[in-house]
Amino acid sequence: MDDLIDRLQTKAFELTEAQRRIADYVVQHPMEVAFLTVDKLASTVGTSTATIMRFSAAVGYSGFSELQKELQASMKHKAAPQTRLEANLKDTNKSELLQQHLELQYNNIQYSLDNISDSTLQEIIKKIAASDNILCTSVRSGRPVGEYIAFGVNRILGNCKYIDADKSEWVDESISLTSSDLIIAVSYPRYAERIANMLEVAKSCGAEIILITDSYSSPMTKYADFILPCSSASAASHNSIVSAIFIVDYILSALAINYPERTKPRLDKINEILTKMSYHTKR
């Protein structure tokens, strides 16, 4: 999307009036343009299919399909689920789905590794270890990630709680936050407003915020002190949590390894109680 915007800005003065009208529509409605047919786009903008094709060539593409493919690659994971599925169906070979899925998840994880520095991860780990109280929050597709990190941090440190941002109880928890407390938020497209509400309150109380989201262009980044970009692209209609779980799992491992004087006695005590309860099967 950024490459396309750069092209439109560079070529703006070379475009005809009709082509500039198309360019304006692309910038203002990228999601729609990504999945409209050329005929439908021409009708919507009030021009001809030939003008759409000339516009595509004028801004450096071999045709509208190439321009649209670039838009789809950057926008489809932010569209409504049914739109994402429709777009993915066009690019999916069912007989090769497993291999495509593997490559996609590899790319998702690689994106995180390319965009999160080791120094940032180490700073985040120290921040989690130093915080008095930690609240993890998410909604819907982000919930497995939020619950996983909340359970893991609480198990080894004992000061972490999961709060569903869709439930108003977060208000009661958030108003008592201080600068020694921490919020870990998970937010994927299409970015729930409830997460933003909670982060605004947390920020006003002085708490620091770690954000797990799909990219640096996420609207939630403006609230964050630390950002962990984890691509949520999937081969179907959902937000994938694979790369986020990978990063979270590393953080949990690093906490346990780096702070054994805190984590080992706690884990020993938990195991002692569970053993007395005969919690685990002996089969």
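For clarity, every value in this text was computed on a predicted model and none was experimentally measured. Sequence positions, counted from 1, serve as the residue numbers for this chain.
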Note to self: The test is salt bridge (charged side-chain N to carboxylate O under 4.0 Å, His left out); show your working for Lys264 and Asp268 and say whether it passes.
What the structure shows: CA-CA 6 Å; Lys264 190 176 184 304; Asp268 286 342; 3.0 Å; yes
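- Counting all heavy atoms, side chain and backbone alike, Ser231 lies closest to Ser112 at N-OG, 4.2 Å.
- Look at Glu272 and Lys276 and you find a salt bridge, because one of the NZ, NE, NH1 or NH2 atoms lies within 4.0 Å of a carboxylate O, short of that distance.
- Counting only heavy atoms from C-beta outward, the side chains of Arg20 and Thr16 never approach each other to under 4.5 Å.
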Notebook entry, point to check: For Lys161 and Ile134, what are the C-alpha separation, side-chain angles and deciding distance, and is it a side-chain contact (heavy atoms from CB on, under 4.5 Å)?
Noted result: CA-CA 6 Å; Lys161 181 185 293 187; Ile134 303 168; over 6 Å; no
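- Ile116 has its side chain within reach of Pro229: a pair of non-hydrogen atoms, C-beta onward, lies under 4.5 Å apart.
- Contact annotation: the side chain of Tyr250 approaches that of Ile125 to within less than 4.5 Å [non-hydrogen atoms, C-beta and beyond].
- Between Leu41 and the options Val45, Asp39, Val38, a side chain to side chain contact (heavy atoms under 4.5 Å, CB included) holds for only Val45.
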Notebook entry, point to check: Could you go step by step and tell me if Val59 and Leu67 meet the side-chain contact (heavy atoms from CB on, under 4.5 Å) rule?
Noted result: CA-CA 9 Å; Val59 295; Leu67 182 155; 4.1 Å; yes
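- A donor-acceptor contact shorter than 3.5 Å is absent between the side chain of Asp249 and the backbone of Ile245.
- Remark: the Ser117 side chain and the Thr120 side chain contain an N/O donor-acceptor pair separated by less than 3.5 Å.
- Within the 4.5 Å cutoff, side-chain heavy atoms of Phe246 are placed close to those of Leu113.
- Between the side chain of Gln68 and the main chain of Val33, a donor-acceptor pair closer than 3.5 Å is present.
- Proximity of a side-chain donor or acceptor of Lys203 to a complementary backbone N or O of Tyr223 within less than 3.5 Å is detected.
- Looking at Asn159 and Asn133, their side chains never bring a donor and an acceptor atom within 3.5 Å of each other.
- With a 4.5 Å cut-off on side-chain heavy atoms, Leu228 and Thr213 do not count as touching.
- Looking only at atom types and distance, the side chain of Asp118 has a donor-acceptor partner in the side chain of Gln122 under 3.5 Å away.
- At least one side-chain heavy atom of Val139 sits under 4.5 Å from a side-chain heavy atom of Asp164.
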Next item on the list: Take Gln100 and Leu104 through the side-chain contact (heavy atoms from CB on, under 4.5 Å) test and state the conclusion after the steps.
Entry: CA-CA 6 Å; Gln100 288 180 326; Leu104 176 62; over 6 Å; no
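- When side chains are defined from C-beta on, Ile247 does not count as touching Ile212, because their heavy atoms never get closer than 4.5 Å.
- No more than 12 heavy atoms of other residues, nucleotides or ligands lie within 6.0 Å of CZ in Arg155, so this atom counts as exposed by the packing criterion.
- By the 4.5 Å side-chain criterion applied to Ile, Leu, Val, Met, Phe, Trp and Tyr, Tyr162 is assigned to no cluster and stands alone.
- A donor-acceptor pair under 3.5 Å is absent between the side-chain atoms of Asn154 and the main chain of Ala150, judged by distance alone.
- The closest side-chain donor-acceptor pair between Asn108 and Gln105 falls under 3.5 angstrom.
- At least one donor-acceptor pair under 3.5 Å links the side chain of Ser204 to the backbone N or O of Val201.
- Thr263 and Leu255 make their closest contact through CG2-O, 3.9 Å (heavy atoms, listed as atom of the first residue, atom of the second, distance).
- Side chain of Asn258 to main chain of Ala254: a donor-acceptor pair is present (N/O by atom type, distance under 3.5 Å, no hydrogens or angles).
- Counting only heavy atoms from C-beta outward, the side chains of Arg143 and Val186 never approach each other to under 4.5 Å.
- Side-chain N/O atoms of Ser232 and Asn239 include a donor and acceptor closer than 3.5 Å.
- Not a single donor-acceptor pair under 3.5 Å links the side chain of Thr51 to the backbone N or O of Thr47.
- Under a 3.5 Å cut-off, the side chain of Ser218 and the backbone N or O of Ser215 do not form any donor-acceptor pair.
- Side-chain atoms of Asp214 and Tyr191 include a donor-acceptor pair closer than 3.5 Å.
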